[in-house]
Amino acid sequence: MKIHNWGIIGLGKIARKFADDLRLLPNARLHAVASTSLERAQAFAAEYDAPHAFGRYDDLVHCPDLDIVYVATPHVLHCENTLLCLENNTPVLCEKPFAMNIGEARRMVAAARQNRVFLMEALWTRFIPAVNHAFELVEKGEIGEVHTVKADFGYCMPFDPNSRVFNKALGGGSLLDIGIYPALLALFMFGKPAEEDILAAATFTQTDVDESCAFTFQYPGKRLALGHSTIAANTPVEAWLHGREGTIRLHPRWHHTDRLTVSKYEGRTEVKRDLRIPYGGWGYAFEAAHVMQCLENEMLESDKVPLGFTLNLVETLDAIREKVGLIY
Ligand SMILES: NC(=O)c1ccc[n+]([C@@H]2O[C@H](COP(=O)([O-])OP(=O)(O)OC[C@H]3O[C@@H](n4cnc5c(N)ncnc54)[C@H](OP(=O)(O)O)[C@@H]3O)[C@@H](O)[C@H]2O)c1
């Protein structure tokens with residue numbers, strides 16, 4: 001069994017959960033971590049048994065025997081940190097949102113292609129077993145043709161101008177942090193909406209990032225996607241796929257759910273089937289396992305989250321931002 005040596009850049013909240021989940025994978029090992037603080041890197045490395053710790057991101061890419069880097073810094077640094085790795089021929093799993101705008105995203109994809117190095121956006125939702133099962137049910141025609149996708153993601157975050165969620169210089173706001181999930185569900189179901197078929201509205205915090213954002217995408221064939229994000233309330237965090245013959249509900253929190261309800265109409269009677277698909281850990285092991293499989297197959301991009309999908313997602317977020325006046 002090939003052991004894959006992982007590196008992590010940026011040792012915040014998500015890095016910790018990801019490192020926890022790497023421990024669930026027998027073919028993964030945390031090999032090196034890099035922080036803006038050497039002390040933090042050394043403490044993290046000691047906690048997770050990683051043999052190498054660096055106090056500068058630039059040093060990590062020169063670490064011997066490194067197979068893949070997980071970029072877990074604030075949004076505004078994803079492009080710079082990813083380019084650093086790709087230009088040193090190191091594969092990258094980059095946190096969402098992949099980039100701040102389509103210009104950055106295209107540079108990242110071009111660097112991956114020029115250097116022939118693997119690159120994927122860390123859209124873990126695509127790999128959660130229950131979410132994947134919902135997609136398979138749709139594919140099999142279980143609920144007929146899907147005409148409406150609805151999803152929300154909101155949590156109540158006390159105002160803190162220094163947190164990356166409120167700080168404009170770090171790419172703050174609800175859309176890029178959590179509104180990206182309803183958007184990606186729409187794109188997985190229906191593809192990229194035409195720019196003129198996107199409607200959007202947002203309210204703003206005193207730091208001038210979006211507090212709440214609502215959007216609709218209209219598609220040919222009487223299909224609609226509705227999305228909502230907010231950092232000002234705990235919303236249900238549910239998703240619904242409505243088809244002509246039934247509905248699939250992805251229970252809270254839908255983006256890493258372990259529960260689906262499939263409802264179908266038999267005449268006027270609604271018949272419900274509850275499905276539980278539990279998993280261990282935080283939910284990040286599935287994307288990490290997929291990345292390692294891609295590397296073993298010498299793939300330069302994922303077939304589940306291809307770079308074309310990521311570019312479409314970034315362009316869609318750009319279009320929403322343009323409509324609501326959210327400029328970084
Ligand atoms: N997939 C998911 O479920 C998920 C969940 C949460 C977040 N995320 C994404 O992951 C990224 C990180 O989120 P997080 O919640 O882990 O953030 P966080 O707790 O604030 O951690 C970000 C880390 O980046 C590093 N950093 C470098 N320059 C920084 C700067 N100028 N200001 C602040 N931090 C800086 C810091 O680590 P060092 O100083 O140690 O380098 C910091 O701890 C975001 O892009 C977010 O969208 C994804």
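As the structure lists them, so they are numbered: ligands from 1, and atoms in each ligand from 1.
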Selection from [options] by shortest heavy-atom distance to [atom]:
{"atom": "atom 35 (C) of ligand 1", "options": "G12, P74, S35, G55", "answer": "P74"}
{"atom": "atom 46 (C) of ligand 1", "options": "K17, K96, H78", "answer": "K96"}
{"atom": "atom 45 (O) of ligand 1", "options": "E287, H255, E95, H75", "answer": "H75"}
{"atom": "atom 11 (C) of ligand 1", "options": "T73, N81, I8, V76", "answer": "T73"}
{"atom": "atom 4 (C) of ligand 1", "options": "I14, L176, L11, L77", "answer": "I14"}
{"atom": "atom 25 (C) of ligand 1", "options": "W282, Y57, W124", "answer": "Y57"}

Item checked: T207 (side chain) donor-acceptor with P161 (main chain) under 3.5 angstrom ->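 No, T207 side chain to P161 backbone: no donor-acceptor pair under 3.5 Å.
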Notebook entry, point to check: Is the side chain of T230 donor-acceptor paired with the backbone N or O of G154 at a distance under 3.5 Å, no angle test?
Noted result: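 Absent.
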Under a 4.0 Å heavy-atom limit, does [X] contact ligand 1 with its side chain, its backbone, both, or neither?
{"X": "Y181", "value": "side chain"}
{"X": "K13", "value": "both"}
{"X": "S163", "value": "neither"}

Item checked: Euclidean distance, Y328 OH relative to L170 CG, rounded to 0.5 Å ->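 Answer rounded to 0.5 Å: 10.5 Å.
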Note to self: Between E145 and R244, does any side-chain N to carboxylate O distance fall below 4.0 Å?
What the structure shows: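 Salt bridge between E145 and R244, a charged N being under 4.0 Å from a carboxylate O: yes.
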Notebook entry, point to check: In terms of side-chain geometry, is the basic nitrogen of R321 or D210 positioned less than 4.0 Å from the acidic oxygen of its partner?
Noted result: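 Answer for the salt bridge query: no.
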Next item on the list: Can you sort out which atoms of ligand 1 are near D177, meaning under 4.0 Å from one of its heavy atoms?
Entry: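 Here the atoms of ligand 1 in question are 47 (O).
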Check: Considering residues, nucleotides and ligands other than E296, do more than 12 of their heavy atoms fall under 6.0 Å from its CD?
Finding: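 More than 12 within 6.0 Å, yes.
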